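Structure record follows, encoded as structure tokens.
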There are 2 protein chains.
Amino acid sequence: MSIELSKAERTRQYIIEKTAPVFNEKGYAGTSIHDLTEATGLTKGSIYGNFENKDEVALAAFDYNFNTVTNYIKAQILATENSIERLLVYPKVYRKFLILPFLQPGCPILNTSTEADDTHPKLREKAAKALAFWKTSIENQIKRGMVRGEIKKNTNPTLIAIILVSIIEGSIMQAKVVQNAKDLKVAMDYLEKIILDLKA
Amino acid sequence: MSIELSKAERTRQYIIEKTAPVFNEKGYAGTSIHDLTEATGLTKGSIYGNFENKDEVALAAFDYNFNTVTNYIKAQILATENSIERLLVYPKVYRKFLILPFLQPGCPILNTSTEADDTHPKLREKAAKALAFWKTSIENQIKRGMVRGEIKKNTNPTLIAIILVSIIEGSIMQAKVVQNAKDLKVAMDYLEKIILDLKA
DNA sequence: TTAATAAAATACCGATCGGTATATTTTAGT
DNA sequence: ACTAAAATATACCGATCGGTATTTTATTAA
């Protein structure tokens with residue numbers, strides 16, 4: 001049994017997959033153990049046999065949610081070559097977040113940050129690291145573009161990363177609460193202009 | 001007893017004032033009735049004598065939190081005359097939100113929206129209306145500036161309102177989760193430039 | 001195939017949840 | 001000062017919370 005996953009490892013993964021969307025939608029405090037048994041079809045005993053407590057499931061679920069988004073974005077980025085086009089992937093993806101199943105409960109970073117910032121240090125820390133990772137990878141895309149001569153030499157990568165993330169997260173919040181993507185579209189149009197303005 | 005408030009009305013107000021920060025910090029699901037008795041020093045009986053249920057306290061608390069921020073902003077705005085200066089009040093206020101006591105748990109609209117969008121229709125509705133009110137008043141400030149010849153004629157008030165709100169909410173989320181205002185400062189500097197760029 | 005082991009289900013725990021009925025105290029008009 | 005009414009506190013309710021000990025079932029290596 002070297003290569004294949006053990007039963008426990010498979011179950012653990014199954015629990016994470018099934019409960020991750022629940023945590024993203026209802027939040028940590030709003031999700032009960034009963035919600036987890038419902039989402040998985042398993043019993044409490046099985047869940048507590050694979051996880052120490054609710055915290056551990058929630059932390060694993062956050063990683064899963066974040067990785068799902070990250071992998072989707074990464075695939076789109078690797079499908080393009082030019083740095084400007086790569087940056088344009090973000091508005092392109094987030095403008096249709098209401099129809100992407102794994103993004104329908106909103107951005108995991110946004111949801112987790114606003115709930116956990118004052119209440120749950122471990123989750124807060126995870127969200128903070130995920131945010132830092134995201135911003136660093138945007139900065140690196142911009143630096144790459146400057147090296148390749150595709151992006152203006154005087155561009156401030158950190159500034160652009162901060163503004164890009166702010167506009168995306170702020171407009172997702174708005175779209176979710178009013179339950180339509182009208183203003184999100186406007187914000188993503190604006191963000192695309194900012195990005196196209198970086199062109200060398 | 002015509003003019004003065006009845007005991008019940010005063011107690012009701014007192015409960016709202018004391019519990020509003022708790023709801024803003026811990027969220028609806030994360031706040032228990034025990035939290036409310038702790039924050040007020042009152043008993044369950046007293047709270048349920050003045051409110052039908054937890055929902056009613058939470059909804060009143062949201063209004064209180066939103067009005068607190070709104071009144072503070074309004075006072076700053078009325079202290080200025082020029083439309084550009086009035087718009088600059090927003091970055092000026094939010095860049096120091098970590099030291100304004102009533103803003104330390106974050107923006108009530110942001111906190112309530114991200115928690116309630118998928119779970120609590122009444123709270124979601126309140127947050128949506130508060131957001132609409134905010135954006136409308138920004139739009140009106142811009143329109144006023146155009147009439148007064150202080151803001152460029154070709155300015156799109158709706159677009160500026162959407163971007164202003166997005167940048168503020170998105171950067172507040174970031175500042176809260178990483179627990180420092182470094183990037184918030186950068187975002188507010190950028191927002192100030194956008195506003196100054198509207199000058200006729 | 002079997003026996004040891006691992007995993008999942010069942011049954012249960014005390015604590016806390018939101019909420020209520022009732023008793024006690026405060027308030028407020030006379 | 002007295003009393004009726006209003007407001008608050010006490011005591012309690014069933015349900016659900018997160019979590020665990022134990023039993024049953026499934027897995028896995030020999």
Side-chain angles (χ1 to χ4, degrees), chain A residues 1-20 22-62 112 115-116 119-124 126, chain B residues 1-20 22-62 112 115-116 119-123:
Chain A
M1 277 306 99
S2 46
I3 282 171
E4 295 153 42
L5 295 128
S6 74
K7 186 76 211 307
E9 281 164 333
R10 274 183 288 134
T11 305
R12 192 183 155 91
Q13 201 53 33
Y14 170 82
I15 292 171
I16 293 170
E17 281 166 27
K18 291 292 184 186
T19 61
V22 182
F23 275 110
N24 200 25
E25 182 177 318
K26 298 190 173 186
Y28 176 79
T31 301
S32 68
I33 305 294
H34 177 71
D35 289 329
L36 307 186
T37 63
E38 232 181 17
T40 55
L42 297 172
T43 59
K44 250 195 265 198
S46 172
I47 286 168
Y48 277 92
N50 290 285
F51 293 88
E52 210 185 300
N53 49 35
K54 184 182 155 187
D55 249 59
E56 206 183 298
V57 190
L59 294 169
F62 174 81
T112 304
E115 177 183 9
T119 60
H120 200 302
K122 288 182 196 164
L123 264 180
R124 199 217 95 241
K126 269 207 181 285
Chain B
M1 279 302 99
S2 46
I3 283 171
E4 295 151 41
L5 295 129
S6 75
K7 186 78 210 309
E9 281 164 333
R10 274 182 289 134
T11 305
R12 192 183 155 92
Q13 200 55 31
Y14 171 81
I15 293 171
I16 293 170
E17 281 167 27
K18 292 292 183 185
T19 61
V22 182
F23 276 111
N24 199 25
E25 183 176 316
K26 299 190 172 185
Y28 177 79
T31 301
S32 68
I33 305 294
H34 177 71
D35 290 328
L36 307 186
T37 63
E38 232 180 18
T40 55
L42 298 172
T43 59
K44 251 195 263 199
S46 173
I47 286 168
Y48 276 92
N50 290 283
F51 293 89
E52 209 184 300
N53 49 35
K54 183 182 155 186
D55 248 59
E56 206 184 296
V57 189
L59 294 169
F62 174 80
T112 304
E115 177 183 8
T119 59
H120 199 301
K122 288 182 198 165
L123 264 179

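Everything quoted here is computed from the prediction, not taken from an experiment. The chains referred to below are lettered A, B, ... by the order of the sequence lines, with proteins before strands, and numbering in each begins at 1.
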Practice task
Answer with base, sugar-phosphate or nothing: what part of the nucleic acid does A:G49 contact at a heavy-atom distance below 4.0 Å?
Solution key: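 No contact.
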Exercise for the section: Check every strand shown and say whether A:T37 touches a base, only sugar-phosphate, or nothing at a heavy-atom separation below 4.0 Å. Expected result: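 No contact.
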May I have the distance from [X] (atom [atom1]) to [N] (atom [atom2]), rounded to whole angstrom?
X: A:R12; N: C:dA8; atom1: CZ; atom2: C1'; answer: 16 Å
X: A:L42; N: D:dA26; atom1: CG; atom2: P; answer: 14 Å
X: A:K44; N: D:dA21; atom1: NZ; atom2: P; answer: 14 Å
X: B:D35; N: C:dA15; atom1: CG; atom2: C1'; answer: 15 Å
X: A:N53; N: C:dA15; atom1: CG; atom2: P; answer: 19 Å
X: B:I47; N: D:dA9; atom1: CD1; atom2: P; answer: 9 Å
X: B:E56; N: C:dG18; atom1: CD; atom2: C1'; answer: 15 Å
X: A:R10; N: D:dA26; atom1: CZ; atom2: C1'; answer: 11 Å

Problem - Residue pair A:I16, A:F51: steps toward the side-chain contact (heavy atoms from CB on, under 4.5 Å) verdict - result: CA-CA 10 Å; A:I16 293 170; A:F51 293 88; 3.7 Å; yes
Exercise for the section: Report yes or no: is there a donor-acceptor pair, N or O only, under 3.5 Å between the side chain of A:K54 and the base of D:dG19? Expected result: no
Exercise for the section: Verify the neighbour count for atom NZ of B:K54: are there more than 12 heavy atoms of other residues, nucleotides or ligands below 6.0 Å? Expected result: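 Result for NZ/B:K54: enclosed.
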Options [options], nucleotide nearest the side-chain atoms of [X]:
X: B:T11; options: C:dG18, C:dC12, D:dT8; result: D:dT8
X: B:N50; options: D:dC17, D:dT8, C:dA8; result: D:dT8
X: B:I33; options: C:dG18, D:dA9, D:dC17; result: C:dG18
X: A:S46; options: D:dT8, C:dA9, C:dC17; result: C:dA9
X: A:Y48; options: D:dT20, D:dT8, C:dA9; result: D:dT20
X: B:H34; options: C:dC17, D:dT8, D:dC17; result: C:dC17

Exercise for the section: Using atom types as modelled and distance alone, determine if a side-chain donor or acceptor of A:E115 lies under 3.5 Å from a backbone N or O of A:Y28. Expected result: yes
Problem - Minimal non-hydrogen separation, A:L123 against A:A58, with atom names - result: CD2-O, 4.4 Å
Practice task
State whether B:S32 places a side-chain N or O below 4.0 Å from either non-bridging phosphate oxygen (OP1 or OP2) of C:dC17.
Solution key: yes
Handout entry: Residue pair A:I47 / A:T19, side-chain heavy-atom distance below 4.5 Å
Key =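 A side-chain contact is absent here, since even the closest heavy-atom pair is not under 4.5 Å.
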